[in-house]
Structures are given as structure tokens and as C-alpha cells.
Student: 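Structure below; questions to follow.
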Amino acid sequence: MLREYLLLPLLASFTAAYTISVAKSGGNVTTSTQYGVMEEEINHGGEGGLYAELIRNRAFQGSSLYPSNLDAWSTVGESTMALQNLSKPLSSALPTSVKVSGKGTIGLKNEGWWGIDVRPQKYSGSFYVKGSYKGSFKASLESNITGKTLASVEVTSKSVANEWVQHEFTLTPKSKAANVNNTFSLTFDASKATGGSLDFNLISLFPPTWNNRPNGLRTDLMQAMSDMGPTFLRFPGGNNLEGETIDTRWKWNETLGPLKDRPGRPTTWGYEETGGMGLIEYMQWCDDLGMEPILAVWSGLALNEDIVSEEDIGIYVEDALNEIEFLTGSVDTEYGALRAKYGYPDPWTINFVEVGNEDNLNNGLDSYIAYRFAAFYDAITEKYPSIQVLASTIDMTLPGSAGGDFHLYDVPDNFVAAFNQFDQYTDAHRILLGEIAATEYNNGVGIDWSDYHFSLYPWWIGSVAEAVFFLGAERNADKIIGTTYAPYFMNINSYEWSPTMYSFDADPDDTARSTSWHVYSLFNHNHITNTLPTTSADAYGPLYWVAGLNNKTNSHIWKGAVYNSTETVPVSLTFEGVAKGTKADLTILTAPDAFSMNGVGEANLVNSKTTTIKAGKSGVFSFSLPNLSVAVLTTN
Ligand SMILES: *[C@@H]1O[C@H](CO)[C@@H](O)[C@H](O)[C@H]1NC(C)=O
Ligand SMILES: *[C@@H]1O[C@H](CO)[C@@H](O)[C@H](O)[C@H]1NC(C)=O
Ligand SMILES: *[C@@H]1O[C@H](CO)[C@@H](O)[C@H](O)[C@H]1NC(C)=O
Ligand SMILES: *[C@@H]1O[C@H](CO)[C@@H](O)[C@H](O)[C@H]1NC(C)=O
Ligand SMILES: *[C@@H]1O[C@H](CO)[C@@H](O)[C@H](O)[C@H]1NC(C)=O
Ligand SMILES: *[C@@H]1O[C@H](CO)[C@@H](O)[C@H](O)[C@H]1NC(C)=O
Ligand SMILES: *[C@@H]1O[C@H](CO)[C@@H](O)[C@H](O)[C@H]1NC(C)=O
Ligand SMILES: *[C@@H]1O[C@H](CO)[C@@H](O)[C@H](O)[C@H]1NC(C)=O
């Protein structure tokens with residue numbers, strides 16, 4: 001990405017107060033400069049993360065990239081387990097199953113996504129088994145350290161020869177386990193099974209999920225998002241949408257229906273995914289958090305730089321139109337009927353479709369400009385005029401009603417230097433800030449792309465720098481569709497990219513809301529619907545700000561951030577028409593130092609302090625902001 005910044009003065013010291021006055025009218029209407037979520041299957045953010053499935057490698061899915069294997073499984077008792085592709089598989093989507101054979105009480109054990117959280121709540125499980133068996137199964141949760149059984153249930157066998165039969169069960173532990181070092185076991189009496197063996201597949205266990213949805217999402221992570229008040233979800237990626245190869249791209253039609261019909265696919269981030277968190281689950285995620293879906297469709301570019309030719313692009317355009325029809329069409333349409341068949345007769349509304357991801361990279365830009373973007377833009381706009389189609393880059397001339405997507409990963413200083421970037425953006429086409437994150441420490445240079453392991457977690461000076469950048473974006477809110485951090489999630493036990501908005505392990509009590517989460521949350525909960533012009537004799541830096549109005553609450557709002565000041569910054573703020581004695585809430589975020597970060601299982605270090613202050617003589621709000629702080633003042 002080529003970016004040019006106007007360098008801002010490096011203001012080092014400050015003694016006099018910043019005097020800022022906010023006009024009554026004349027600003028820009030905010031379309032939706034709010035803060036959303038960007039998801040893709042990375043760092044076990046979906047599987048082993050937000051997707052609440054507790055069993056890892058539940059259906060032995062594999063691909064040429066990641067062949068099926070027995071990861072996370074071990075045997076119980078005197079037994080062996082072996083993967084097989086039976087002539088009668090569970091389904092064509094799930095061809096590989098495990099055969100467990102031996103003597104006495106035998107079975108298999110799963111260690112979950114680096115542990116299993118066991119607490120007094122209802123767990124819903126199921127498994128498929130093939131083979132004649134007259135006994136019963138035992139499903140249990142056990143401590144991996146003491147061997148103690150934490151919950152167990154007998155499941156009467158319905159199993160018969162030559163058929164795959166599903167069994168369901170629930171487990172309700174009586175108390176919370178000491179830690180997440182627990183396993184799930186499924187055992188049977190080999191003497192009552194013909195030939196002393198049985199075949200198993202699709203072994204699943206879910207804790208309670210957000211809104212109690214079957215096949216649903218992890219409650220602690222949903223709560224953390226809900227508390228931030230996100231307004232949109234960009235899905236299903238990212239690099240993961242693109243795929244390593246054309247054939248391994250994300251295929252919407254293979255993420256639908258019963259779990260046994262979902263083949264899964266190799267992610268672009270080092271592992272196979274099950275397809276359990278599919279298109280419908282993404283839409284339910286939007287529904288559950290009141291987020292606007294920004295649906296990304298595959299644009300004909302894979303990460304290995306294979307590009308679909310102009311002659312063939314029509315197939316993929318058609319596929320995207322089918323996907324949109326699947327989501328939005330009435331039950332009288334072909335794909336709307338398919339949606340209804342899966343149990344969702346009511347159509348969803350899609351207002352934004354993004355074509356691809358970062359098509360300016362991987363040698364994609366020439367073909368994107370030459371024919372790929374136009375093919376999608378023309379077809380979608382013609383059939384669905386109410387949908388705004390977004391290009392995945394702004395390194396091109398955007399046609400008609402198209403918007404663009406701008407991503408920025410950088411060092412904190414460069415975010416601050418980019419404060420006025422959108423003042424310079426004169427294009428009429430709106431942009432999504434679809435992936436924004438300070439990733440690497442200030443080094444006087446910029447980001448080093450040879451290493452994805454930047455800071456492990458967002459850290460305070462990075463979050464303040466992001467805040468400064470957002471203030472610049474909010475000032476130009478009419479040009480910005482929305483802003484989101486990326487990537488969103490990281491399972492600390494297995495990740496390829498840091499930092500992320502949230503990080504976690506198997507224990508929901510360990511989930512960390514990052515320092516950046518606190519900035520997003522503060523800004524999101526103080527939404528400016530209409531910006532207002534501000535005047536000040538003082539230049540931006542070390543204090544940066546935006547002001548405006550929320551026309552629903554009738555509050556005046558001022559947002560500010562202090563970056564790189566040697567002293568506390570005094571502020572004298574007036575809003576035209578706001579009289580002496582008016583009360584306002586002033587919230588100031590600070591952290592112990594520039595490198596404070598919120599880690600998995602650690603305490604939150606961001607201090608949020610809200611005080612009520614009163615406008616003094618001539619309606620002046622007087623307050624001071626310390627170095628590296630983010631603040632919002634909202635009149636009551
Ligand atoms: C099952 O079939 C897949 C796809 O053909 C193959 O890659 C895999 O090795 C087979 N597994 C076994 C255990 O035979
Ligand atoms: C569980 O304990 C074992 C043995 O001490 C250890 O190897 C493993 O990493 C622990 N797993 C978790 C999830 O804590
Ligand atoms: C259980 O302990 C073994 C070592 O004793 C370890 O290999 C395995 O990862 C542990 N399982 C979990 C869930 O931590
Ligand atoms: C999904 O759609 C693709 C075309 O994009 C097609 O190649 C594939 O066979 C379809 N998958 C299923 C399971 O129908
Ligand atoms: C912040 O201060 C440091 C040290 O004085 C300086 O190197 C850096 O350029 C400053 N950054 C900005 C954005 O002003
Ligand atoms: C509030 O502002 C929004 C734009 O941000 C506008 O769409 C809406 O009509 C306004 N409502 C009122 C009551 O002024
Ligand atoms: C409104 O937008 C213009 C450019 O579109 C920008 O120059 C100006 O600063 C914005 N005004 C406010 C009050 O944010
Ligand atoms: C303010 O923060 C910057 C960046 O971390 C640092 O260089 C500077 O020393 C800080 N100033 C004070 C007074 O702490």
C-alpha cells in the first residue's frame with residue numbers, strides 16, 4: 001500500500017490551555033462512523049474460539065494441504081484407533097471416520113482446544129456410530145490431572161450394523177473444575193460390540209451458547225463484543241475468503257445445512273476448518289449483536305496469485321449473485337427456497353457487498369481494475385440497486401456508487417501522522433476502514449512485513465495512536481462507512497498473527513479485552529451523528545480532537561486524544577449555544593505506561609474514569625488530559 005502523509009508538527013511541550021470552540025452548525029453528516037467487527041478464520045478465532053464447539057478435530061476432516069489425522073484424540077483402555085475411509089461413509093462430506101477396537105471398556109478421548117472449560121452448566125453432545133452394539137456408551141468429562149470424573153452419562157446404544165446412527169446426550173457437571181486441563185471421553189464395552197470394534201464420526205460437544213443457539217457462539221466473546229456495541233460485521237475474511245488456491249477459496253454453499261454435510265476446507269492460516277461456522281451462523285451473529293452485515297464475495301484471486309481469466313469470471317459472479325439471493329431472496333426464488341429448506345424462510349437484508357480482499361496485493365490489481373471488479377460491480381448493482389458494492393482497495397478509480405476498503409497496519413507514530421489523511425481524501429466514494437491496527441512498536445521507520453508476530457497484544461500507545469487516527473476519520477465521517485480492528489481473535493495456544501482485539505484460551509475467565517477495545521467501546525458508545533466545525537488557535541498535536549452532536553440524545557460530544565506530550569494538556573472547550581452550568585460527563589482513559597497491554601488471564605490495565613463537570617463562565621468546560629490519554633466529553 002502506498003500512502004503519503006502530511007507530516008504534522010512534533011509538538012513536544014505545552015503549557016497554555018488549548019482553547020477550542022465548537023460551532024452550532026455547518027459540519028458533516030455522519031453516515032455511520034462507528035466501529036464494527038472483522039472476522040476471519042485465523043488464530044483459531046472461529047474454530048477453537050468464537051465457535052463454541054469443544055471437541056477439536058471432531059470429524060477427522062482433511063485436505064491435500066492438511067491431511068486428516070488423529071490430532072487431539074487418544075485412546076481409552078486397551079484399544080487402538082485407526083482412521084478409515086469406509087465404503088459407507090457418514091456422508092460424502094465426511095468420508096473419514098475412526099475405528100476403535102480392543103478389549104474391555106475402551107474408547108477415545110479428546111483434549112479439546114487446549115483444554116475444556118468445565119463448570120456447572122448443561123453441555124449438549126452428540127456422536128455418530130456404525131456397528132452392531134448391544135451395550136451402552138459412557139460420555140464423560142474428566143480432569144486430565146487427577147483423572148477425576150467431573151460429569152458422566154450413560155447413553156443407551158441405538159447402534160446397528162452397517163448404518164450410521166446419531167446418539168445425543170447432555171452432561172451437567174456439579175461444580176467448576178479447578179482449571180481447563182480436562183478431557184472428554186466416549187467409551188463402550190468391546191465385548192458387546194460385534195468384532196470388538198465400532199466406527200465413530202462427528203463427535204461434538206457444546207456448552208451453552210449466546211442466545212442458546214444450537215451450533216452457536218461462545219458467550220464470553222459475544223459478551224465482549226456486545227459490550228463494545230459493534231455496528232457491522234465484515235465477513236468471512238480476509239485472506240481466508242481468498243484461499244491459498246482457487247479451489248480452496250471460501251465456498252458459501254459448502255457451509256450450510258446439517259453438520260454432516262459440511263466438508264470443511266483448509267484455511268489460509270495453517271489448519272483445516274470444519275465449516276461449522278458457516279454463512280447462516282455469520283448472519284445469526286449479525287442478528288444477535290445488531291450488526292450490519294458487510295458480505296465479502298470471492299473476486300477471482302487466490303493467495304498463490306492464481307487469477308480467474310476474464311472469460312471465466314462470469315461463473316464466480318453468478319455464484320456471488322446466488323449467494324446474495326440465498327440470503328435476501330424470497331422463498332419463490334431458487335436460492336431463497338434453498339434457505340427456507342434449511343429452516344430460514346425469512347430473508348435477511350444485505351446493504352453492503354465487498355468484492356474480494358486486498359485485491360491490490362498478490363499481483364491482483366491489474367486484473368481487478370481491468371475486469372474483475374467491474375464484472376461483480378455491474379452485475380450486483382444491476383440486480384440489487386440498493387446494495388452498495390465495495391472494492392477491496394482504494395488504489396483504483398472507483399466507479400458509480402462503489403465504495404472502497406482501506407487497510408492500515410503500522411507503527412503508532414504513523415497513525416498519528418495520518419490524522420489528516422481523510423482531510424486530503426477528496427474522492428466522492430466512501431471508504432470502509434476494514435482492517436486497522438497498530439501492530440509494531442515505534443522504530444522511527446515503519447512496519448516490518450517480514451514478520452507477522454508484531455506486538456503480542458495491542459498496547460497502550462498503539463491504541464492511543466489508533467484513537468488519533470479515528471478522530472481524523474470521524475472529522476470526515478461523511479466519507480467513512482465504518483472502522484474495524486483486525487484481526488479480531490487469537491487463541492493464545494495457537495496463533496499466526498498478533499496483535500488482535502481479543503485474546504483468549506479455553507477458560508472464558510481468561511478472555512482479554514485489549515487496550516484498543518477500550519478505545520473502540522468509548523467511541524462507539526458516544527456516537528456523533530453530525531460533526532460540528534471547531535476553531536482553535538492551537539494546532540493539532542499533541543492534542544487531537546473532533547466534535548459534534550448526537551441528534552438522538554441531543555448531546556454535544558467532544559472526543560480527544562493526547563499523544564506524545566511532555567506535559568498534561570489543559571483544555572478550555574465551549575460549544576456555541578451551550579450555557580454556563582450545563583453538566584457534562586467526561587471520561588478519560590489512561591494506562592500505567594505506553595507499553596501497558598491486556599493479556600490472557602491478566603488484569604485489565606486500562607483505567608476509565610468518568611467525572612461530571614459543569615460549564616463555567618461563558619459556558620467553558622475546563623479540564624486537563626494527561627499524556628497518552630483518550631477522552632470523551634458528552635453534555636447531559
Ligand atoms: C481418505 O481419503 C482422502 C481423500 O481421498 C485421503 O486423502 C486420505 O488419505 C484417506 N484416508 C484414509 C485413512 O484412507
Ligand atoms: C495439562 O497438564 C499437562 C501435564 O501437566 C500439560 O502438559 C498440559 O500442557 C496442560 N494443559 C493445559 C491446557 O493446561
Ligand atoms: C493431558 O495431559 C497430557 C500429558 O499428561 C498432555 O499431553 C495433554 O495435552 C493434556 N490434555 C490437556 C487437555 O491439556
Ligand atoms: C459449491 O459451489 C461451487 C461453485 O462455486 C461448486 O463447484 C461446488 O460443487 C458447490 N458445492 C456443492 C457441495 O454443491
Ligand atoms: C513522539 O516523540 C518521539 C520522541 O520525542 C518522536 O521521535 C516522535 O516522532 C514523536 N511522534 C509524533 C507522532 O509526534
Ligand atoms: C440525525 O442525523 C442523521 C445523520 O447522521 C440523519 O440521518 C437523521 O435524519 C438525523 N435525525 C434527526 C432527528 O435530525
Ligand atoms: C467536513 O468535511 C470536510 C471535507 O469533506 C472537512 O474538510 C471538514 O473538516 C469537515 N468538517 C467537520 C466539522 O468535521
Ligand atoms: C508521553 O508519552 C511519550 C510516548 O510514550 C513519551 O515519549 C513521553 O516521555 C511521555 N511524556 C511524559 C511527560 O510522560
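These numbers come from the heavy atoms of this one structure, side chains and all, not from hydrogens, waters or symmetry mates. As the structure lists them, so they are numbered: ligands from 1, and atoms in each ligand from 1. Only a predicted model underlies this, so the values are computations on that prediction, with no experimental measurement involved.
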Student: Using the rule given for salt bridge (Lys or Arg N to Asp or Glu O under 4.0 Å), can you reason through Arg234 versus Glu354, listing the C-alpha separation, both sets of side-chain angles and the distance that settles it, and then say yes or no?
Tutor: CA-CA 9 Å; Arg234 173 175 171 239; Glu354 180 163 358; 3.1 Å; yes
Student: For atom 14 (O) of ligand 2, is some protein heavy-atom partner under 4.0 Å away?
Tutor: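 Given the 4.0 Å cut-off, atom 14 (O) of ligand 2 counts as touching protein heavy atoms.
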Student: Would you kindly say whether Asn43 and Asn491 are connected by a side-chain donor-acceptor distance under 3.5 Å?
Tutor: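 Their side chains do not contain a donor-acceptor pair, so the 3.5 Å distance test is not met.
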Student: Is there a polar contact, in the sense of an N or O pair closer than 3.5 Å, between Asn253 and ligand 4?
Tutor: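 Yes - when backbone and side-chain N and O of Asn253 are compared with those of ligand 4, one distance drops under 3.5 Å.
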Student: Could you walk me through whether Asn351 and Gln388 pass side chain to side chain donor-acceptor pair (under 3.5 Å), step by step?
Tutor: CA-CA 6 Å; Asn351 293 314; Gln388 181 168 32; over 6 Å; no
Student: Take atom 7 (O) of ligand 4 and look for protein heavy atoms under 4.0 Å from it; say yes if you find one, no if not.
Tutor: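 Not a single protein heavy atom is under 4.0 Å away.
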Student: Applying side chain to side chain donor-acceptor pair (under 3.5 Å), run through Thr268 and Asn239 and close with a yes or a no.
Tutor: CA-CA 7 Å; Thr268 52; Asn239 289 151; 5.5 Å; no
Student: In plain terms, say whether Glu244 and Arg249 are close enough for a salt bridge, that is, a side-chain N and a carboxylate O under 4.0 Å apart.
Tutor: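 No.
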Student: In ligand 4, which numbered atoms sit nearer than 4.0 Å to a non-hydrogen atom of Asp319?
Tutor: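 Contacts of ligand 4 toward Asp319, numbered from 1: 5 (O).
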Student: For atom 2 (O) of ligand 2, is some protein heavy-atom partner under 4.0 Å away?
Tutor: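 It does: a protein heavy atom is found less than 4.0 Å away from atom 2 (O) of ligand 2.
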Student: In this structure, does ligand 4 have an atom that sits under 4.0 Å from one of the heavy atoms of Arg249?
Tutor: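 So Arg249 counts as touching ligand 4.
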Student: Can you list the atoms of ligand 1 that are under 4.0 Å from a heavy atom of Leu83?
Tutor: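 Reading through ligand 1 atom by atom, the close ones are 13 (C).
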Student: Can you find an N or O of Asn181 that's nearer than 3.5 Å to an N or O of ligand 2?
Tutor: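 Such a contact does occur with ligand 2.
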Student: Any idea which part of Glu254 is under 4.0 Å from ligand 4, heavy-atom wise: side chain, backbone, both or neither?
Tutor: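 For Glu254, the contact with ligand 4 is made by the side chain alone.
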Student: Heavy-atom contacts with Asn85 under 4.0 Å: which atoms of ligand 1 show up? List them by number with element.
Tutor: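 In order of numbering, the contacting atoms are 1 (C), 2 (O), 3 (C), 8 (C), 10 (C), 11 (N), 12 (C), 14 (O).
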Student: Between Trp497 and Phe454, how do the two ring planes meet: parallel, tilted or perpendicular, split at 30° and 60°?
Tutor: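 Geometry flag for Phe454 against Trp497: perpendicular rings.
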Student: For ligand 2, which atoms sit closer than 4.0 Å to a heavy atom of Trp114?
Tutor: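 So the atoms of ligand 2 that pass are 13 (C).
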Student: Test His44 against every option in Trp113, Phe489, Tyr495 by the ring pair (Phe, Tyr, Trp, His ring centres under 6.0 Å) rule and name the one that passes.
Tutor: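 Filter result, single survivor: Trp113.
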Student: Side chains of Trp348 and Asp287: is there a donor and an acceptor less than 3.5 Å apart?
Tutor: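 Per modelled atom types, Trp348 and Asp287 side chains form a pair under 3.5 Å.
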Student: Any protein heavy-atom neighbour for atom 11 (N) of ligand 2 (distance below 4.0 angstrom)?
Tutor: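 Yes, at least one protein heavy atom sits under 4.0 Å from atom 11 (N) of ligand 2.
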